[in-house]
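What follows is one structure encoded as structure tokens, with my remarks underneath.
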Amino acid sequence: DKVEFPLLVRNWEEGDKFQPLGMTGTKLVSDFFIDLKLPVFKKKQIPIVLSGDQIVWVGGFRPDHRFKVEKGSKNIIRITFS
């Protein structure tokens, strides 16, 4: 219910910020990757899903808190990458 279409999938870019699920503030995606101890080559392979200019999901790792499914949610999107 909270996303705008079309969704865009791209690689991580310097300065990308999102609000990891469960956090109140925002975090740089690069800092999120550092916390996960991801090697540089792996960072470039992680898909970033955007709705407009906001990150919805750091593919395979963490959704953005602002786009979480809530009790009143009626439409839910399930995205998978293979």
Side-chain angles (χ1 to χ4, degrees):
D1 292 331
K2 300 176 184 178
V3 299
E4 295 176 16
F5 291 97
L7 295 179
L8 174 68
V9 179
R10 65 163 170 78
N11 292 331
W12 158 77
E13 294 177 358
E14 194 66 40
D16 280 347
K17 285 185 179 181
F18 80 121
Q19 184 179 347
L21 186 63
M23 285 186 64
T24 54
T26 60
K27 185 171 202 146
L28 286 169
V29 174
S30 59
D31 290 343
F32 178 71
F33 288 157
I34 288 169
D35 292 348
L36 294 174
K37 296 179 175 50
L38 288 177
V40 176
F41 76 91
K42 188 74 171 173
K43 293 177 188 179
K44 296 178 182 179
Q45 298 173 350
I46 306 297
I48 304 294
V49 179
L50 296 110
S51 172
D53 63 348
Q54 291 188 322
I55 294 175
V56 174
W57 183 39
V58 176
F61 290 97
R62 188 81 51 92
D64 188 292
H65 188 83
R66 296 167 288 194
F67 294 95
K68 71 179 182 177
V69 176
E70 296 181 314
K71 196 173 194 176
S73 298
K74 294 179 182 176
N75 299 299
I76 301 169
I77 298 171
R78 182 178 184 172
I79 302 171
T80 58
F81 292 104
S82 56

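Computed over heavy atoms, backbone and side chain alike; hydrogens, waters and symmetry mates excluded.
Using a 4.5 Å cut-off between side-chain heavy atoms of Ile, Leu, Val, Met, Phe, Trp and Tyr, with links allowed through other members, W12 and F61 fall into the same hydrophobic cluster. Grouping the Ile, Leu, Val, Met, Phe, Trp and Tyr side chains by contacts below 4.5 angstrom, directly or via other members, places V56 apart from L21. F18 and V9 are assigned to two separate hydrophobic clusters, defined by single-linkage of ILVMFWY side chains at heavy-atom distances under 4.5 Å. Both I79 and V3 are assigned to one and the same hydrophobic cluster, defined by single-linkage of ILVMFWY side chains at heavy-atom distances under 4.5 Å.
The backbone N or O of D1 sits nowhere less than 3.5 Å from a side-chain atom of N75 that would complete a donor-acceptor pair. Although no hydrogens or angles enter the test, the distance criterion places a donor-acceptor pair under 3.5 Å between the side chain of D16 and the main chain of E13.
Ion pairing of K2 with D64 is absent here, as no side-chain N (NZ or NE/NH1/NH2) approaches a carboxylate O to less than 4.0 Å.
Remark: F81 pairs with W57 by the ring-ring contact (aromatic ring centres under 6.0 Å, His included) rule, at least two apart or across chains.
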Side-chain donor/acceptor pairs under 3.5 Å, residues 32-51, sequence neighbours excluded:
{"residue": "D35", "atom": "OD2", "partner": "K27", "partner atom": "NZ", "Å": "2.4"}
{"residue": "S51", "atom": "OG", "partner": "E4", "partner atom": "N", "Å": "2.6"}
{"residue": "S51", "atom": "OG", "partner": "E4", "partner atom": "O", "Å": "3.1"}

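Closest of all the heavy-atom pairs between P20 and G25 is CD-O, 4.2 Å. The shortest non-hydrogen separation linking G22 to H65 is N-ND1, 3.0 Å.
Residue R66 holds its CZ atom at 8.5 Å from CD1 of I55, rounded to the nearest 0.5 Å.
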